[in-house]
Amino acid sequence: MTISDAKSDPGGDDRDSEIAKETELVFLRNRVKELEVENAKLLSQVSSCQCQQMEVKHDRSLSDSSSLVRRRRVRKGDKNSIPSHLISKRYVALKIMYFGKRFYGFSAEAQMEPSIESEVFKALERTRLLVGDKKDSCYSRCGRTDKGVSSTGQVIALFLRSRLKSPPGDSKAQVNGRTGERPEYDYVRVLNRALPDDIRVIGWSPAPIDFHARFSCYAREYKYFFWRQNLNLSAMDFAGKKFIGEHDFRNFCKMDVANVHCYTRRVTFFEVSPCQNSHEGDQLCTFTMRGSAFLWHQIRCMVAVLFMIGQGVESVDVIDTLLDTKKTPRKPQYLLASEIPLVLRTCEFENVDFICSPGAAESLRSHFKNESLKYQLESVIYQEALRNCLPLSNNVSTEESSCNGVEKKKKRAEHVPLLSRPTEPSYEERTAKLKPRKEETLACVV
């Protein structure tokens, strides 16, 4: 190139440099693609080898309940452990029954032990069905029942270990729980061997990835059991029917203004009915309530007011007055009904059919029968203690004596009408108090 040429094309060197860089970049991109292909092949070989070894070990642990419970947990950094992304898993919904008396509610977030949720995850870890940890499992729950509340149909959803080698595509295989030639793990049977006696998994179902145990539920049904005694069932049933429909239930719940801003809920069904059980002439009865969702303590508040109506100390019309939040913006103070008789009976979803193997179903029936007999024996002991109470003295009236003939009965307090009682702060008053606290918190953070 002559000097005149260089002067006429001053950008020639720059273009050559750009071409060289572009050529080198193309080469590097092609090389990266080649390395990615080689890496994928190696990962596939490692996964196939390790998964086969792991599956044999895991199948043995699942087939034997005693080895399942005593099996040593794989420690972090163990050479035999498999990375979670290499383990086959599927999204599953589990239906759970529990007797809530000894638990501090379902949720483990309150940090009060024991909770049903913590016991379920202990069993999942013990059986090695949980892949990774709780955060990795896309976990969701349908209801967050309080301390002492039981359930026969709670539902949770999460990823669990599976025999699937690829994402499920065959709907029949999902329903039958079969993956090719091999059946899916019997989640019900495996987990029940590791759970305490008062918690049981009663069914499982494959679930789509967008399924959420709370937000996909379109109906929840609760039952509340009680002894009839002298209660007016027809009055309670008539009053309870007033709950049906869409109402503002802020006077029938415990308000959590920090997290809940809408207290309108829809009740679709209410019924008072006798049960088959009776004791010494007293009939066992139940309230059945159904709706899309319920507020904190809503059902126990509803039941407490219905009991007052059944006792004849409150009018049926008090329900209309309390549901009218413009007329009654503040909730009257009254005690909640006991939590022990409350049961979350069922949670309903579209296109989710729970299944249970014949062997697991037979084990469940046997377990529930044995537990029922155990609690009946405990009841007999209390009945025997009742019979052995010292007889009442002839010189002491029934109202002044107790079963041991010494302690006097407390005088029954006179009923104060609900609408004449002291009231709790309204929603607006609660939110007004909450705003300065939020501003203080933000100021401290800044």
Side-chain angles (χ1 to χ4, degrees), residues 100 104-105 110 112 143-149 222 224-227 229-232 235-267 270 272 287 289 291 293-342 344 409-438:
Y104 287 92
M112 297 287 287
R144 185 176 175 175
T145 53
D146 295 324
K147 175 184 176 182
V149 178
Y222 283 86
Y224 192 97
F225 295 93
F226 63 96
W227 294 105
Q229 298 178 336
N230 296 321
L231 295 171
N232 187 337
M236 290 193 296
D237 187 63
F238 182 76
K241 293 288 195 295
K242 293 178 178 289
F243 290 125
I244 296 177
E246 195 170 88
H247 303 285
D248 190 323
F249 285 94
R250 66 182 66 188
N251 289 327
F252 290 95
C253 72
K254 183 175 181 179
M255 278 196 282
D256 179 15
V257 295
N259 301 304
V260 181
H261 306 291
C262 178
Y263 292 86
T264 300
R265 296 294 184 271
R266 185 174 186 82
V267 175
F270 179 91
V272 181
F287 296 116
M289 286 153 280
F294 293 89
L295 296 163
W296 190 10
H297 289 169
Q298 179 181 340
I299 293 178
R300 291 170 63 191
C301 287
M302 292 162 62
V303 170
V305 176
L306 289 173
F307 280 157
M308 297 179 199
I309 294 171
Q311 292 164 2
V313 295
E314 288 290 345
S315 168
V316 172
D317 296 331
V318 75
I319 302 294
D320 296 314
T321 305
L322 292 176
L323 288 176
D324 187 349
T325 55
K326 292 183 179 179
K327 185 177 179 180
T328 314
R330 297 178 183 84
K331 175 188 172 184
Q333 295 179 0
Y334 57 88
L335 295 177
L336 289 171
S338 172
E339 70 278 7
I340 298 301
L342 181 57
L344 172 58
K409 275 190 175 182
K410 293 182 179 179
K411 187 177 180 180
R412 188 172 182 177
E414 292 185 4
H415 177 77
V416 178
L418 279 174
L419 301 180
S420 300
R421 296 185 182 188
T423 58
E424 298 179 2
S426 66
Y427 172 77
E428 291 75 17
E429 291 169 344
R430 291 174 186 267
T431 51
K433 289 182 179 179
L434 190 64
K435 286 181 180 178
R437 294 178 186 175
K438 286 185 177 180

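Shown here is Phe225, whose CZ atom has more than 12 heavy atoms of other residues, nucleotides or ligands within 6.0 Å. The 12-atom threshold is exceeded at NZ of Lys242, counting heavy atoms of other residues, nucleotides or ligands nearer than 6.0 Å.
With a 4.5 Å cut-off on side-chain heavy atoms, Gln298 and Met302 count as touching. Inter-residue side-chain proximity for Met308 and His415 is flagged as met; some heavy-atom pair is nearer than 4.5 Å. A heavy-atom distance below 4.5 Å is not found between the side chains of Thr325 and Tyr427. Counting only heavy atoms from C-beta outward, the side chains of Met236 and Phe307 approach each other to under 4.5 Å.
In this structure, CG on Asp146 lies 8.5 Å from CZ on Arg144, to the nearest 0.5 angstrom. Going from atom CZ of Phe238 over to atom CG of Asn232 covers 12.0 Å, rounded to the nearest 0.5 Å. From Leu322, atom CG reaches atom NE2 of His247 across 12.5 Å, with rounding to the nearest 0.5 Å. Atom OH of Tyr224 is separated from atom CD of Glu339 by 8.0 Å, given to the nearest 0.5 angstrom. In this structure, Leu336 CG and Ile299 CD1 are separated by 12.0 Å, a value rounded to the nearest 0.5 Å. Taken to the nearest 0.5 Å, the CZ atom of Arg330 stands 11.0 Å off from the CZ atom of Arg430.
Nearest heavy atoms, Val303 versus Ala337: CG1-CB, 3.7 Å. Here the closest non-hydrogen pair linking Leu342 and Val149 is O-CG1, 3.5 Å. Residues Ala239 and Leu306 come closest through the heavy atom pair CB-CD2, 3.8 Å. Minimum heavy-atom separation, Leu434 to Ala258: CD2-CA, 3.7 Å. Considering all non-hydrogen atoms of both residues, Cys301 and Cys253 come closest at SG-N, 3.7 Å. Taking each heavy atom of Tyr334 and Phe252 in turn, the nearest pair found is OH-CA, 3.8 Å.
Within the 3.5 Å criterion, the main-chain N or O of Pro329 finds no donor-acceptor partner in the side chain of Ser426. Looking at Tyr263, its side chain does come within 3.5 Å of a backbone N or O of Val260 through a donor-acceptor pair. With Arg421 contributing its side chain and Gln333 its backbone, the two residues share a donor-acceptor pair below 3.5 Å. A side-chain donor-acceptor contact under 3.5 Å links Glu314 to the backbone of Leu418. Between the side chain of Asn251 and the backbone N or O of Lys331, at least one donor-acceptor pair lies under 3.5 Å.
Note: Phe287 and Phe226 meet the aromatic proximity criterion, with ring centroids under 6.0 Å apart.
By the salt bridge (Lys or Arg N to Asp or Glu O under 4.0 Å) test, Glu428 is found to be paired with Arg250, residues two or more places apart in sequence or in another chain being considered.
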